[in-house]
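This report concerns only the one structure given below.
All residue numbers in this chain count up from 1 along the given sequence. Model, not experiment: these values are computed from the prediction.
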Amino acid sequence: MALASLPMYDHAELEDATDGWWQGLARAFRARGLAGVPAALARGSRHDDWSAPDLLLSQTCGYPLVNAFAGRLRLVATPVYLVPHCRGASYRSLVLVADGSSVAALEGLRGARAVINARDSHSGFNALRAAVAPLSRGGRFFGVVVESGNHLESLLMVKRGEADVCAVDCVSHALWQDTMPAAVAGVRVLATTAHAPGLPYVTAAGRGESEVEALRRGLLDAVADPELAAARRRLRIGGFEVLPLAAYDRIHAFERLARRHGYEDIA
């Protein structure tokens, strides 16, 4: 049996919708002739899932796709999320500060306490680094930078006054507004980052062309399945785009911008 996981937006409040979406995907994949489709999603270490040679389908961030997992994952398709700040299969990060913050622009964050979710995240690290890089001086901009481990904890640290700013992807933010509006109350959007290709659905690098094509056709079948309308609506999934892997060089463009300004790491 192959392995499947959808870890990137699998919030506790949406597990039932994610499971329902997977059940529909699994039916569509089997109907397209794929063998070994698992009955349920794995919910272990996403990095272990992405490393598994029998991975059938997962979702990853664009940053590990083109960095740590380059050549180990194969791009299948990129979801189109029906949320503000998305444009087709691309998305932005939201730079968040507390409602009571007096900061009115990115420049006002000089010397502030920043929190990132992880250094292998485009939306919480790479995009924020690029946004403030032109404002940096001598490789520094923030006063302190800490890691939270996940986007929601970053937001909550800002809300609690333990940090001054964070960046979260606009899809997560919209899903939290849907499912836990009290959690996002108390923070506001200061700025948005540039667009980047969204979080892609991927498979193991060893999968052949026929399998990848069956996965893509199965995804399109699931998007058109009326029985999955409620799950798609709750997950804000409106469709999929098949992007070339080269589209994700946009992730590296954010890195290159930061380097041009001498801002190698977020500091």
### Query
Less than 4.5 Å apart, any side-chain heavy atom of Asp265 and any of Arg119?
yes
### Task
Quick one: do Val171 and Cys86 satisfy side-chain contact (heavy atoms from CB on, under 4.5 Å)? Show the steps, please.
CA-CA 8 Å; Val171 178; Cys86 281; 3.9 Å; yes
### Query
So Arg217 and Leu220, side-chain contact (heavy atoms from CB on, under 4.5 Å) or not? Walk me through it.
CA-CA 5 Å; Arg217 291 183 178 275; Leu220 296 179; 5.7 Å; no
#### Entry: Any pair counted as salt bridge (charged side-chain N to carboxylate O under 4.0 Å, His left out), so long as it reaches residues 52-74, sequence neighbours left out
Arg74-Glu209
### Message
Ala267: which residues meet the side-chain contact (heavy atoms from CB on, under 4.5 Å) condition with it, sequence neighbours left out?
### Response
Arg140
### Query
For Asp169 and Tyr81, what are the C-alpha separation, side-chain angles and deciding distance, and is it a side-chain hydrogen bond (donor to acceptor under 3.5 Å, both in side chains)?
CA-CA 12 Å; Asp169 72 275; Tyr81 286 102; over 6 Å; no
### Query
How is the hydrophobic cluster of Val144 composed, in terms of its other members, when Ile, Leu, Val, Met, Phe, Trp and Tyr link through side-chain heavy atoms under 4.5 Å apart, directly or indirectly?
Leu94, Leu96, Val115, Val146, Leu152, Leu155, Leu156, Met157, Val158, Val168, Trp176, Met180, Val184, Val187, Val189
## Note on the structure
Here the pair of heavy atoms bringing Ala127 nearest to Ser123 is CB-O, 4.1 Å
### Message
Is there a path of hydrophobic side-chain contacts, each under 4.5 Å between heavy atoms of I/L/V/M/F/W/Y residues, joining Ile237 to Leu175?
### Response
yes
### Query
Looking only at heavy atoms, which two atoms of Phe29 and Val37 are closest? And how far apart?
CB-CG2, 4.0 Å
### Task
Show your working on side-chain contact (heavy atoms from CB on, under 4.5 Å) between Val132 and Val95 and close with a plain yes or no.
CA-CA 11 Å; Val132 303; Val95 181; over 6 Å; no
### Message
If the condition is side chain to side chain donor-acceptor pair (under 3.5 Å), which residues does Glu211 pass it with, not counting sequence neighbours?
### Response
Arg207
### Task
Examine Leu82 and Leu228 and state if one hydrophobic cluster contains both, with Ile, Leu, Val, Met, Phe, Trp and Tyr joined whenever side-chain heavy atoms are less than 4.5 Å apart.
no
### Query
Side-chain heavy atoms under 4.5 angstrom apart, residues restricted to Ile, Leu, Val, Met, Phe, Trp, Tyr: same cluster for Val223 and Val242?
no
### Task
Verify the ring-centre separation between Tyr91 and His195: is it less than 6.0 angstrom?
no
#### Entry: Check: Asp49 main-chain N/O paired with Ser5 side-chain donor or acceptor under 3.5 Å
no
### Query
Which pair of non-hydrogen atoms, one from Arg236 and one from Pro84, has the smallest distance, and what is that distance?
NH1-CD, 4.3 Å
### Query
Which residues satisfy the side-chain contact (heavy atoms from CB on, under 4.5 Å) test with Ala133, sequence neighbours excluded?
Leu257, Ala258, His261, Tyr263
### Query
Does the side chain of Ser121 reach to within under 4.5 Å of the side chain of Tyr63, using non-hydrogen atoms?
no
### Query
Does Ser90 reach the side chain of Pro197, with side-chain heavy atoms less than 4.5 Å apart?
no
### Query
Between atom NE2 of His252 and atom NE2 of His122, what is the distance when rounded to the nearest 0.5 Å?
11.5 Å
### Query
Any Lys/Arg nitrogen of Arg27 or Asp221 sitting under 4.0 Å from an Asp/Glu carboxylate oxygen of the other?
no
### Task
Looking only at non-hydrogen atoms, find the nearest pair between Ile251 and Asn126 and report the distance.
O-ND2, 3.1 Å
### Message
Less than 4.0 angstrom from a charged side-chain N to a carboxylate O is my criterion; do Glu153 and Lys159 meet it?
### Response
no
#### Entry: Val212: hydrophobic cluster co-members (side-chain, 4.5 Å)
none
### Task
To the nearest 0.5 angstrom, please state how far the CZ atom of Arg32 sits from the CG atom of Leu219.
11.0 Å
#### Entry: Worked check of side-chain contact (heavy atoms from CB on, under 4.5 Å) between Leu106 and Val165
CA-CA 10 Å; Leu106 290 176; Val165 62; over 6 Å; no
### Message
Using the side-chain contact (heavy atoms from CB on, under 4.5 Å) criterion, which residues pair with Ala89? Sequence neighbours excluded.
### Response
Thr78, Val80, Glu241, Leu243
### Query
How close do Pro79 and Tyr201 get, heavy atom to heavy atom, and via which atoms?
CG-CE1, 3.6 Å
#### Entry: Residue pairs, two or more places apart or on separate chains, that pass side chain to side chain donor-acceptor pair (under 3.5 Å) and touch residues 35-44
Asp10-Arg43, Asp19-Arg43
### Rounded distance (nearest 0.5 Å) linking atom OG of Ser172 with atom NE2 of His151
5.5 Å
### Task
Could you check if a side-chain atom of Val76 sits within less than 4.5 angstrom of a side-chain atom of Pro200, using non-hydrogen atoms only?
no
### Query
What is the ring orientation for Trp21 with Phe240, classed by angle as parallel under 30°, tilted 30 to 60°, or perpendicular over 60°?
parallel
### Task
Measure across Gln23 and Ala39 and return the closest heavy-atom pair with its distance rounded to 0.1 Å.
NE2-O, 2.8 Å
### Query
Does Phe254 belong to the same Ile/Leu/Val/Met/Phe/Trp/Tyr cluster as Leu245, with side-chain heavy atoms less than 4.5 Å apart forming each link?
no
### Query
Which pairs count as side chain to side chain donor-acceptor pair (under 3.5 Å) when at least one residue sits in residues 101-111, sequence neighbours excluded?
Glu107-Arg110
### Query
Listed by chain and number, what are the side-chain contact (heavy atoms from CB on, under 4.5 Å) partners of Arg234, not counting sequence neighbours?
Leu14, Asp16, Ala17
### Crowding at CZ, Arg137 (>12 non-hydrogen neighbours, <6.0 Å)
no
#### Entry: Partners meeting side chain to side chain donor-acceptor pair (under 3.5 Å) with Thr193 (sequence neighbours left out)
none
### Query
Does the side chain of His11 pick up a donor-acceptor pair with the side chain of Thr179 at under 3.5 Å?
no
### Task
Taking the side chain as every heavy atom from C-beta outward, state whether Leu3 and Leu56 have any pair of such atoms under 4.5 Å apart.
no
#### Entry: Under the side chain to side chain donor-acceptor pair (under 3.5 Å) test, residues paired with Ser154 that sit two or more places apart
Ser148
### Distance in Å, Thr203 OG1 paired with Leu75 CG, rounded so as to fall on 0.5 Å steps
10.5 Å
### Interatomic spacing from CZ in Arg233 to CG in Asp178 - rounded to 0.5 Å
11.0 Å
### Query
Does some side-chain heavy atom of Met8 sit less than 4.5 Å from a side-chain heavy atom of Arg46?
yes
### Query
Is Asp164 salt-bridged to Arg113, cutoff N-O under 4.0 Å?
yes
### pair Leu128-Phe141: side-chain heavy atoms closer than 4.5 Å
no
### Query
Distance-only, no hydrogens or angles: does the Trp50 side chain make a donor-acceptor pair with backbone N or O of Pro64 under 3.5 Å?
no
### Summary
Distance col, row Leu34:CG vs Leu57:CG, nearest 0.5 angstrom, shows 10.0 Å
### Message
Surrounding CD of Glu227 (heavy atoms of other residues, nucleotides or ligands, distance under 6.0 Å), is the total greater than 12?
### Response
no
